[in-house]
Chemist: 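The structure's right below; bear with me while I get my questions together.
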Amino acid sequence: TLSGSTAFEGVSSSFATTPYTGFYSAFFGAVGTPNIISQTIATTAGDTYDLSFALNDSGRGPAEAVVNLGGTPVLDISPASGFGWTVFNEIGTATGSSMTVSFSFTQLPSYFNLDNVSLVDASSGGPTAGSVVPDHGLGLLATAATLLGICAVAGHLRRRQTA
């Protein structure tokens, strides 16, 4: 789900930076109201989940990235200057049969890039914090690509019809 500001966000093979791996990464550069991307997934109550993702800040402050896992902030960074691709591992415990993972970004005057998002049930012998986890796929980037692509096509068609 995309919410918050819908300006200055998208999926690209080269915008602001090249992807961490693969061919595409999402970019977010909201000013004021943050860009938010989230997904609710089925979980097992009481199990521990390891969220892994690669993040790049191609600019300088003011900037903020907030990551929530099950409604709990697990990362809140406000870098004063940009940083290259960095893999983060954050741990959360499911309190019910579903959990929402959300990323919120504001970045003036540049962009955050997000890639390789995965969520693993670590209670079943999965990875622990600090380890690199392969992309098992929450589908956040695929969802973003689809939604942003539909919005871009709709905007293009709207402009063409009124021109």
Chemist: Keeping N35 on the side-chain end and A30 on the backbone end, is there a donor-acceptor pair under 3.5 Å?
Modeler: yes
Chemist: I want to check something: taking the side chain as every heavy atom from C-beta on, are F103 and L55 in contact at a cut-off of under 4.5 Å?
Modeler: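 No - every pair of side-chain heavy atoms lies 4.5 Å or more apart.
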Chemist: Are I36 and I41 grouped together when hydrophobic residues (ILVMFWY) are joined by side-chain heavy atoms under 4.5 angstrom apart?
Modeler: no
Chemist: Taking all atoms of both residues into account, what is the closest heavy-atom pair of Q107 and A63, and its distance?
Modeler: NE2-CB, 3.3 Å
Chemist: Kindly say whether T17 contributes a backbone atom to a donor-acceptor pair with the side chain of Y111 at under 3.5 angstrom?
Modeler: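 No.
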Chemist: Indicate the atoms forming the closest heavy-atom contact of S13 with Y24, along with that distance.
Modeler: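 Result for this residue pair: N-CD2, 3.7 Å.
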Chemist: If hydrophobic clusters are built by linking Ile, Leu, Val, Met, Phe, Trp and Tyr wherever their side-chain heavy atoms come under 4.5 Å apart, do F8 and F27 end up in the same one?
Modeler: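 Shared cluster, yes.
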Chemist: To the nearest 0.5 Å, how far apart are CD in E9 and CD1 in I37?
Modeler: 7.5 Å
Chemist: Hey, what do you get for OG1 (T40) to CE (M99), rounding to the nearest 0.5 Å?
Modeler: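 Between atom OG1 of T40 and atom CE of M99 there are 10.5 Å.
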Chemist: Hey, are S110 and S58 close enough side-chain-wise for a donor-acceptor pair under 3.5 Å?
Modeler: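 There is such a pair (donor and acceptor under 3.5 Å, judged by atom type) between the side chains of S58 and S110.
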Chemist: Is there a side-chain contact (heavy atoms from CB on, under 4.5 Å) between L51 and V117? Walk through the geometry before answering.
Modeler: CA-CA 7 Å; L51 174 65; V117 178; 4.2 Å; yes
Chemist: With hydrophobic residues grouped by side-chain heavy-atom distances under 4.5 Å, do F105 and L75 end up in a single group?
Modeler: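 Yes; tracing contacts between hydrophobic side chains, which count when under 4.5 Å, links both residues.
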Chemist: Keeping the roles fixed (side chain from T106, backbone from P34), state whether a donor-acceptor pair exists under 3.5 Å.
Modeler: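 Such a contact is absent between T106 side chain and P34 backbone.
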Chemist: On a heavy-atom basis, which atom in S78 and which in E64 lie closest, and how many Å separate them?
Modeler: OG-CG, 3.7 Å
Chemist: How many angstroms lie between atom OG1 of T100 and atom CG of N68, to the nearest 0.5 angstrom?
Modeler: 9.5 Å
Chemist: If every non-hydrogen atom of P79 is compared with every non-hydrogen atom of D57, which pair is closest and at what distance?
Modeler: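 For P79 versus D57, the nearest heavy atoms are CG-OD2, 3.0 Å.
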Chemist: Checking N116 side chain against S52 main chain: does a donor-acceptor pair fall under 3.5 Å?
Modeler: no
Chemist: Measure up the F88 and F53 rings against each other and bin them: parallel (under 30°), tilted (30 to 60°), perpendicular (over 60°).
Modeler: parallel
Chemist: Minimum heavy-atom separation for E90 to V74, with atom names?
Modeler: OE1-O, 3.1 Å
Chemist: Once rounded to the nearest 0.5 Å, what's the spacing between atom OG of S104 and atom CZ of F112?
Modeler: 9.5 Å
Chemist: When rounded to the nearest 0.5 angstrom, what distance separates CG in L69 from OG1 in T48?
Modeler: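 Result: 10.0 Å between the selected atoms.
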Chemist: Which atoms form the tightest heavy-atom contact between T93 and G46, and what is the distance?
Modeler: CG2-O, 3.7 Å
Chemist: Is the number of heavy atoms from other residues, nucleotides or ligands under 6.0 Å of F15 CZ greater than 12?
Modeler: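 More than 12 heavy atoms, drawn from other residues, nucleotides or ligands, come within 6.0 Å of this atom.
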Chemist: Determine whether Y49 and V101 satisfy the following criterion, side-chain contact (heavy atoms from CB on, under 4.5 Å), listing intermediate values before the conclusion.
Modeler: CA-CA 11 Å; Y49 289 82; V101 178; over 6 Å; no
Chemist: Identify which one of N56, L114, T86, V87 satisfies the side chain to side chain contact (heavy atoms under 4.5 Å, CB included) criterion when paired with Y20.
Modeler: V87
Chemist: Is W85 reaching over with its side chain to a backbone N or O of N113, donor-acceptor style, under 3.5 angstrom?
Modeler: no
